[in-house]
*Asks:* 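Mind having a look at this structure? Questions to follow.
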Number of protein chains: 2
Amino acid sequence: MSRADDDALAQAWHDLMGRYQRMMCTLDRELEQHGLNASEFEVLQQLHSGKACELPMSALAEHAHLTQSALSRLVSRLEKDGLITRKTCSNDRRAQFVALTDEGRRRFREAKPTQRQVLREGAVDCPQLAPAATS
Amino acid sequence: MSRADDDALAQAWHDLMGRYQRMMCTLDRELEQHGLNASEFEVLQQLHSGKACELPMSALAEHAHLTQSALSRLVSRLEKDGLITRKTCSNDRRAQFVALTDEGRRRFREAKPTQRQVLREGAVDCPQLAPAATS
DNA sequence: TTGCATTCAATGCACAAGCAAATAATGCAT
DNA sequence: ATGCATTATTTGCTTGTGCATTGAATGCAA
């Protein structure tokens, strides 16, 4: 791969950084009115969409693109807010099961349209998201 | 736009988050051996590639996808590290001109192959970057 | 000139993140 | 049963970020 290709790749990465940061920032700012940030929303979404309304931390970690320590604290925050509950697994007492509370479900449903709208607006100048949006 | 499209968009965004975070994380980890993080690298790159080796903060801010305050601190860090110098503009003493030092130029050249390699490796499973990479 | 709105940058503050170490529960080998 | 490596999660610590505020320099109007 040539240096020119490398530079093009660097440019593409640079652009992606910009679009991502802008989107993430907008998302955080808009979701704030629901008392959530983008990562917290993703976790609630995972819990909400799952057939099982109850997931182990490990499953959430995989989904949230966070380190396990960041996820642990995120879950603590949501728990303190009353949006989810932690329950120690009876089979393996190291593991924790996380479940949405009614309030959590309510909050997610409330925030979802906001998130979707930000995505739609942002997707306009974000080719990375366009393909999926135009399907 | 239908709810199904919205959900597809949300999925695309979710995937993008994952790829971005992974790439960013790897980049930060690998660049650490050069005493830089991804944002700092981007700023050095901007200074290095510019014809003028001297840019106002405002120009850097535009490029770095950071808030002005984050950029201010980033520049402070690089200055403390001796990679750049700040110089008050003589025409408008509010503005600061930032320039690479020799050490900064050296450091950037040293870090660049590392960054490019991470990008190449990451681009493999990151369709967002592929188009530019295959041009 | 004086006053005032504007602009550029720096700073106080709070917070979320990563890394590394600690804690705790398991499972397995002896 | 005992010791030990492994796995799941939490916690201490440091750092980079955003937002809001402040400080400083500028330009313009009266």
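Naming: A, B, ... by sequence-line order, numbering from 1 per chain.
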*Asks:* Step by step, would you call B:Trp13 with A:Met23 a side chain to side chain contact (heavy atoms under 4.5 Å, CB included)?
*Replies:* CA-CA 9 Å; B:Trp13 166 243; A:Met23 177 71 92; 3.3 Å; yes
*Asks:* Please encode protein proximity along nucleotides 1-11 of chain D as a string of B, S and -, counting only heavy-atom distances under 4.0 Å.
*Replies:* ------BSBBB
*Asks:* Starting from P on C:dA16, measure out to CZ on A:Phe41 and report it in whole angstrom.
*Replies:*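 From A:Phe41 CZ to C:dA16 P: 18 Å.
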*Asks:* Assess whether side chain to side chain donor-acceptor pair (under 3.5 Å) is satisfied between B:Asp15 and B:Gln11, documenting all intermediate values.
*Replies:* CA-CA 6 Å; B:Asp15 294 345; B:Gln11 183 63 49; 3.1 Å; yes
*Asks:* Let me know the distance between CG of B:Leu74 and P of C:dA9, rounded to the nearest Å.
*Replies:*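 Result: 14 Å.
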*Asks:* How close or far is atom P of C:dA16 from atom CG of A:Leu78, stated in whole angstroms?
*Replies:*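 Answer to the nearest Å: 10 Å.
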*Asks:* Would you call B:Arg107-B:Glu110 a salt bridge at under 4.0 Å N-O?
*Replies:*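 No, this pair does not count.
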*Asks:* On DNA chain C, does the nearest nucleotide to A:Leu66 precede the nearest nucleotide to A:Asn91 from the 5' side, or the other way round? Give the residue.
*Replies:*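 Looking at DNA chain C, the more 5' nearest nucleotide goes with A:Leu66.
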*Asks:* What integer distance in Å separates B:Gln21:CD from C:dC19:P?
*Replies:*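 That distance rounds to 12 Å.
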*Asks:* Take the protein atom CG of B:Leu60 and the nucleotide atom P of C:dA10, then report the distance between them rounded to whole Å.
*Replies:*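 Distance check: B:Leu60 CG to C:dA10 P gives 11 Å.
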*Asks:* Can you say whether the rings of A:Phe108 and A:His48 are parallel (under 30°), tilted (30 to 60°) or perpendicular (over 60°)?
*Replies:*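 A:Phe108 and A:His48: tilted rings.
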*Asks:* Any side-chain donor paired with an acceptor under 3.5 Å for A:Arg94 and A:Thr88?
*Replies:*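 A:Arg94 vs A:Thr88: no donor-acceptor pair found between side chains.
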*Asks:* Roughly how many Å is it from CE in B:Met23 to P in C:dG18, rounded to a whole number?
*Replies:*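 The answer, rounded to whole Å, is 17 Å.
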*Asks:* Do any of residues 26-40 of chain A sit with a heavy atom less than 4.0 Å from DNA chain C, and if so which?
*Replies:*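 Under 4.0 Å from DNA chain C: A:Asn37, A:Ser39.
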*Asks:* For A:Glu42 and A:His63, test the side chains for any donor-to-acceptor distance below 3.5 angstrom and give the result as yes or no.
*Replies:*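 On atom types as modelled, these side chains do not qualify, holding no pair under 3.5 Å.
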*Asks:* Strictly by salt bridge (charged side-chain N to carboxylate O under 4.0 Å, His left out), give each pair with a member in residues 62-75 of chain A just once, sequence neighbours left out.
*Replies:*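 Of all non-adjacent pairs touching residues 62-75 of chain A, none passes salt bridge (charged side-chain N to carboxylate O under 4.0 Å, His left out).
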*Asks:* Between B:Arg77 and C:dA10, does any side-chain N or O lie under 4.0 Å from OP1 or OP2?
*Replies:*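 For C:dA10, neither OP1 nor OP2 has a side-chain N or O of B:Arg77 closer than 4.0 Å.
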*Asks:* Rounded to whole angstrom units, what separation is found between the NE2 atom of B:His65 and the C1' atom of D:dT17?
*Replies:*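 It works out to 16 Å between those atoms.
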*Asks:* Just checking, any donor-acceptor pair under 3.5 angstrom between side chains of B:Arg86 and B:Ser76?
*Replies:*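 Result is yes, a qualifying pair exists.
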*Asks:* Look at A:Lys112 together with B:Asp6 and state whether they make a salt bridge at an N to O cut-off of under 4.0 Å.
*Replies:*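 Salt bridge between A:Lys112 and B:Asp6, a charged N being under 4.0 Å from a carboxylate O: no.
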